[in-house]
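Scroll down for the structure; my scribbles are underneath it.
Worth saying up front: this structure is predicted, and the values here are computed from it rather than measured. Numbered from 1 within each chain, the chains take letters A, B, ... in sequence-line order.
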Amino acid sequence: MRELVWKIGGEQGTGLDSTSDVFATVCNRLGYYIYAYKTFSSRIKGGHTNFTVRVSTRRVLATAAGVHVLVAMDQDSIDRLAGELVPGGLLIADSHFQPRAPEGVQMVTVPMTEIARDLLNPVYRNIAAIGASAALLGLPLQAFKDYLAEKFAAKGEQVVQGNWTALERGYSYTLEQAADKAFQLDPGDGQRRLIMTGNDAIALGAVAAGCRLVVAYPITPASEILENCARILPRFGGAAVQVEDELAAVAVCIGAGFAGARAMTATAGPGISLMQENIGLASMAEIPVVIVDVQRGGPSTGMPTKHEQSDLLALAYGGHGEGPRIVLAPGTAEQAFYDTVLAFNLADNYHCPVIIASDLGLGLWQQTVDSLDFDRVVIDRGPVVDPKELEAMGRDVFQRYAFTESGVSPRSLPGMKYGQYLATGVEHATDGKVKEDPANRTRMMQKRLNKIKKLEIGGQPVPGILYEGPARPEILLISYGSTFGVVAEAAELLREQGHRVATLQVRVIRPLPVEELRAAIGAAEKTFVVENNATGQLAFIMRAEGVEHPVESILKYDGTLFRPDEVAAAVLESYKGVPA
Amino acid sequence: MRELVWKIGGEQGTGLDSTSDVFATVCNRLGYYIYAYKTFSSRIKGGHTNFTVRVSTRRVLATAAGVHVLVAMDQDSIDRLAGELVPGGLLIADSHFQPRAPEGVQMVTVPMTEIARDLLNPVYRNIAAIGASAALLGLPLQAFKDYLAEKFAAKGEQVVQGNWTALERGYSYTLEQAADKAFQLDPGDGQRRLIMTGNDAIALGAVAAGCRLVVAYPITPASEILENCARILPRFGGAAVQVEDELAAVAVCIGAGFAGARAMTATAGPGISLMQENIGLASMAEIPVVIVDVQRGGPSTGMPTKHEQSDLLALAYGGHGEGPRIVLAPGTAEQAFYDTVLAFNLADNYHCPVIIASDLGLGLWQQTVDSLDFDRVVIDRGPVVDPKELEAMGRDVFQRYAFTESGVSPRSLPGMKYGQYLATGVEHATDGKVKEDPANRTRMMQKRLNKIKKLEIGGQPVPGILYEGPARPEILLISYGSTFGVVAEAAELLREQGHRVATLQVRVIRPLPVEELRAAIGAAEKTFVVENNATGQLAFIMRAEGVEHPVESILKYDGTLFRPDEVAAAVLESYKGVPA
Amino acid sequence: MATLAEFKTAEKAWWCPGCGDFGVLAALQKALVELGIEPENVVIVAGIGCSGRIGNYIYSYNFHTTHGRTMPVALGVKLANRNLTVIATGGDGDGYAIGMGHFLHAIRRNPDITYIVMDNHIYGLTKGQTSPTSDPGFKTKTTPQGNLERPVRPLQLAIAAGATFVAQGFSSNQKQLVRIFKEAITHKGFALVNTISPCVTFNRVNTYDFYREALVDLDEDPNYDPTDRVAAMRKLMETDELVTGIVYREPESIPFEEKLPGFRPEPIVSQDWRLSREEFERFLDAYR
Amino acid sequence: MATLAEFKTAEKAWWCPGCGDFGVLAALQKALVELGIEPENVVIVAGIGCSGRIGNYIYSYNFHTTHGRTMPVALGVKLANRNLTVIATGGDGDGYAIGMGHFLHAIRRNPDITYIVMDNHIYGLTKGQTSPTSDPGFKTKTTPQGNLERPVRPLQLAIAAGATFVAQGFSSNQKQLVRIFKEAITHKGFALVNTISPCVTFNRVNTYDFYREALVDLDEDPNYDPTDRVAAMRKLMETDELVTGIVYREPESIPFEEKLPGFRPEPIVSQDWRLSREEFERFLDAYR
Ligand SMILES: Cc1ncc(C[n+]2csc(CCOP(=O)(O)OP(=O)(O)O)c2C)c(N)n1
Ligand SMILES: Cc1ncc(C[n+]2csc(CCOP(=O)(O)OP(=O)(O)O)c2C)c(N)n1
Ligand code: SF4
Ligand code: SF4
Ligand SMILES: [Mg+2]
Ligand SMILES: [Mg+2]
């Protein structure tokens, strides 16, 4: 088989997250492509949670339609999840809770609790579950042993041995019971790829891009970005600082941006709402700052642990008044890494806030990344005046907000002699001094708004879309963020049914690539915009920005990501009753 | 003459605001229609300021194209403003500063400072200026004397006499010098109409609507709403409370709304940005709250004392996530009064935030209001459960968020037995308890978003537009907020040139009256949307919401309102080179 | 008069077994019962955090606000309906990080609200980050090498801000906690009860045992005078706030809503809001 | 070394004649000159308010932030470039109303920043509303019948929050103010200088004359020990903060940026940000 889906369900706070992580990481090391996601709630201990790992021989970036092997740590998990098993799917359950399987479901019971009890540590129950899973998926046990040895090396021989024993006992017990039932996954290619979440990728991207200050306030599902950086940045002379709230977080970054450092904050919807005023400050005073929004269910506190893509309007146009903001939308961990580097380069080159519109699916789910290319990481600090030239100019000559053709004016940095100026959120003249005269106001507004009309870095345009498929498709599927992977698979499904399908990922939400969108939609017979929100925000923005071609929205806003088959079905549904 | 424009210029902090107020109020009492506006900056004392009063025999709600009588209290004012004088216009200047008039300008010098010095009080200088103005505009002096007597009655006979003397000396001195040059304004109709600003009207509307809590943080140009209410509300058992910031202000109002009172906050752009998160809370927990935004130049601190209409997107869609908000846009003080009453009724009937999108022009400039009708003020508290029915139900039966046909669910108020529930910004079930299950989420989102699709109060639809003019016009001018009055006059100017013009005022920004807009634009040959912002936000929203007809934007974003002739010129400009 | 059962909801509290918040919930319900307050007249305004769930388990009117905004929301409830017993609750992050400004301004204003902070020196709901009351050196996900900031000392801040009632309770000392809550609720004005409520999942330093050792009970000290502001402050500075009991109380406290000029004793919600025609016209006269 | 002239800008200060802020400006410029700091190494982070204009008149790098956010912006500047002298300034509304939370958290964090609050007990720029430091009973546009709230006592709050340097100056006592500013700027850590700066236009109560009468100079009291935290607090409580001088100073204060693990002494802005290929690969290894 080319792909298997493994799922484990149980109680929150019982270590299933690290169980799933072990399973996914080992499969990744075996050379499979992984997509691993979970269902969880705000509750810390107790309440149901489950983790799913897609293990495939090709790239997969979407939730699975069915489960091959389900590991149940309690009866609740069976009751909730057994329905997801594909025909012929297997249920592994801890024999301790005397599991009852629904009719027609093949169950293998494994004495996980007993194994753990023997080993005097309840966490081995989960390791036994992994052993059992390896057996049923036909995966080599050694790979798991190697990984566990590495992971627990610091904890000493005994812990490693304990893990091994639990693993082996789960494995062999299961094989004995159900060798005949086991699946046989095609072997992985053995390539050592990366496995990471979008939050990981953004933290890495920031450090690689030269960001040395990450300042944030904890919030699901963005906290890991701050937490990752708190571990990493001290190694590079930087700092991750948890501050008192999001108002402070973005303000610290803006202060640092003014002084010439690269700083980033990461938050979710509620934090974005709180940051709106200061995002406007950065727009107005032309200060670089990078802001990450890992979107979750809104509005208000909403659904903190559920996926959604409903902040686009707030990100692109949400503050009072009108100022430049750039909004990037990565769809994979790989894109998230490069977009973060790009975000810093854009911020320094356009002197304005750059927002990375991530989402819970992208931020938290693990995925395989082929590789990240050191040589693609270029730091472009943008137009900064030469201190020597400044000194030569003398006092009161330098114009921080000079009108230029591009609208971007080279900046001075504190510490440079004769570069002194006033940076202010109030309207100002070219030297920065407050000036409210109508003619100046009009010109300054145009300067700021026009400079981001077209984006380029190092003379290269920043691609606004990613298009894949035939030039004149029957069906065009538009996505952004983590629906990207879903739409790619949905397109496959539709192609299998004989449709001529292309996909278009919107990579930049603001400035929206209007011409590219017009051309692509104009060439397609029918266009669908696939979004995880209730009002079709991307389609809304497209119409508003002048993409006048009709499109159909496929929307889901129940807190879960689309499955590819759902998208395909929605597309086909819209053809019903319409002569082809 | 049917209309005269009077202007006074001088230094900030020298009492010109009250001078202008006296002049405007007396003219209003004489039965003229007044539109009075000023130019000012954030500076408290010093710096130039000027006040303009249009005095007309018919309703005027726009800035004037030229000035008939300019009163200059310093040379700076002459240098800045003399160019605005119409041919034949008159300049009155205080002889004290030895004024120099530009060539071709007729100047009358009046010893205002000397008059004040004689009377031992520098403020009489301004009163002398009023006397001089009355003389040149042909206005009856007695009306000014009556008003000053009334105004200073509490300060005693001597103050009244001092004012009278200054007034009379300014008047007679001027008549002696320039009786021949005086204008002759057609007499007013003597009707005692009202004169007020939009901020006044909103404060009055709130009190009339039963609002007993006004909670805000000072900010230009909205502070007067709180200040007015601080004077008025104690008389009605209510309170106006200045709190620590805008985050608190809106939260206090939401708390009060939850408990069943009518509460309002008023702010400008920066405050709106700070309120975004809690506006979402009110959307989500279905709590009535009324928020006033008196828009000013943005983004960030922007231009605090300058007019703009650039918060529409933030008001209608600015928060993270997607929830219901109603946005009303009054264009006159009269509309502002009734809209405020409407806002409270809508909030209580739709259980969501209602935002009044005012702007600096509407908020601060004085205008004549024919009358405000006591009988049109109806308080409709919306669906509240009957406490007796609740008691009969017993415990745990009442469903605060019951699914209903309209999407609105009757609410209980704290204090009602068995009406207990949880109001939360987290997604919840019909009883209010936290619930994140996908099916419930989808239904709750639809409930909340759909309930505001059509607005009605007492079975009557709330008009989304105000249309005036022929059904199939050649030119359709669309406005909102204080461009309403500008567009009305621009339409007149265009009609005078033989064009068939209609005007459409958008009264509700969200839910946008899409059908009405489509019909009207569809019937017009050419449509212009007139806005005081840089990106054409209303046109943007119209396209996004599905008004697909092409429109042209006429934009101004230099901090000043349009003049009617500017709008007319922009319209005609767009016809140039195009065969009629 | 309501019984304890009547103050409970059908929902089972979702906190981790052993969480300090269970004790706060129990004590609060008991205090309300003993004070003879009817459940429908209680409004719990809760913040976001594990602690913020407390309202879900009390059969009262409950408002679960946004993170950090309990204070202004509670003020709004109280001003709208003066007859209600308004209790604000939340965590140390909710109240002293993002909510710090509102907290101190609420104190200055002194409305008749009780504020119970469930202080566990950690961010529970977001899974273990540093809180403003975290000890120096405390290691968390966001300070893997130890917290660098001086901890917030809420009781000293409250007194410095002019609080009229300041107390500290401990979730596992139920008897005292019930008594403190009752005094706080009956106090005329703003009452802060910082309540030590250990997080058994993410804070292995500030444990029950730690507090059992460390806390000194001021209520048992016959020489301690809780009406002496200067002495209270000195005591707090000297003990680093490791005390329980009523630290300070101002007997003459007048709540904000009683000071507001013209503000009617009858709750706003039950007033007739319509103006008479005469009132309306008098109103307009100012604009003629 | 820069002269006083070099610290001035061409712009004429726009405050009302007699405004206290003129004195603050003059003293600050003088202090900077006397400390021998170069204008290009000074960053003034100012709030919104009449006071917030101060940066416009100093030939330094100036950042005029949004209302209430001076503290975090100043922290960002300092962290980005540790070599800069960072001075935050603003009004009593900016700092103690909307900015209250940031103010106290800045104190807890103790970065090497000087914070000068120009305290006039009123909102100047918005034309005369109540400020958090306004006296009880003070009549303004928003409290026409008198202020009902207890005034913020910034010095007590600062000490309660763990401040390492707390002082109060008076705009018309230039000599002392220059000295205080110099000590504040040289203090290693966060230094609060609440500076009485009368508003001659909107505050007719807290006038120059009033303060000349009321203020007691602590610097002149040989028995006053500014390193005794408890004594400082008592003094402030007893005098209702009507004092000038250095109220408290902690000699061993270590600024936040020196405590951050691994944080380099070399300013971030002048570091080479590129990773080596090896560093990059080591990085990725954690995800393999
Ligand atoms: C504006 C905003 N920022 C961040 C969050 C995420 N958040 C939820 S609870 C919480 C802090 C929890 O700590 P605490 O207040 O101490 O409560 P506890 O869980 O410890 O009881 C945070 C940061 C949020 N909900 N809203
Ligand atoms: C978010 C926000 N709210 C309100 C304002 C309006 N505002 C500007 S300055 C100010 C207060 C001024 O008082 P203070 O800080 O004491 O400074 P002062 O003018 O007295 O020096 C206010 C409320 C604003 N600019 N931004
Ligand atoms: S995480 Fe801590 S605070 Fe939250 S419920 Fe568990 S023990 Fe309580
Ligand atoms: S209003 Fe007051 S604070 Fe502002 S400049 Fe004038 S005197 Fe100074
Ligand atoms: Mg906590
Ligand atoms: Mg002030």
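Between D:Ile98 and B:Leu274 the shortest side-chain heavy-atom distance falls below 4.5 Å. Counting only heavy atoms from C-beta outward, the side chains of B:Ser300 and D:Thr66 approach each other to under 4.5 Å. Contact of the D:Phe202 side chain with the B:Ile44 side chain is registered, since non-hydrogen atoms from C-beta on lie closer than 4.5 Å.
Contacts with chain B (heavy atom to heavy atom, under 4.5 Å) involve these residues of residues 144-151 of chain D, listed by number: D:Pro144, D:Gln145, D:Glu149. Heavy-atom proximity under 4.5 angstrom to chain B picks out D:Ile48, D:Cys50 from residues 46-54 of chain D. Contact annotation for residues 116-143 of chain D against chain B (heavy-atom separation below 4.5 Å, listed by residue number): D:Tyr123, D:Gly124, D:Leu125, D:Thr126, D:Lys127, D:Gln129, D:Thr130, D:Lys141, D:Thr142. Interface residues of residues 67-78 of chain D toward chain B, defined by a heavy-atom distance below 4.5 Å and sorted by number: D:His67, D:Arg69.
In plain terms, the two heavy atoms of D:Ala97 and B:Tyr217 that are nearest each other are CB-OH, 3.9 Å.
Interface remark: B:Ser42 contributes backbone and side-chain atoms alike to the contact with chain D (heavy atom separation under 4.5 Å). For a residue to count as touching a neighbouring chain, one of its non-hydrogen atoms must lie under 4.5 Å from one of that chain's; by this rule B:Pro304 does not touch chain D.
The local environment of NZ in D:Lys30 is sparse, with at most 12 non-hydrogen atoms from other residues, nucleotides or ligands closer than 6.0 Å.
No other option in B:Arg231, B:Glu246, B:Gln12, B:Arg43 has as many heavy-atom pairs under 4.5 Å with chain D as B:Arg43.
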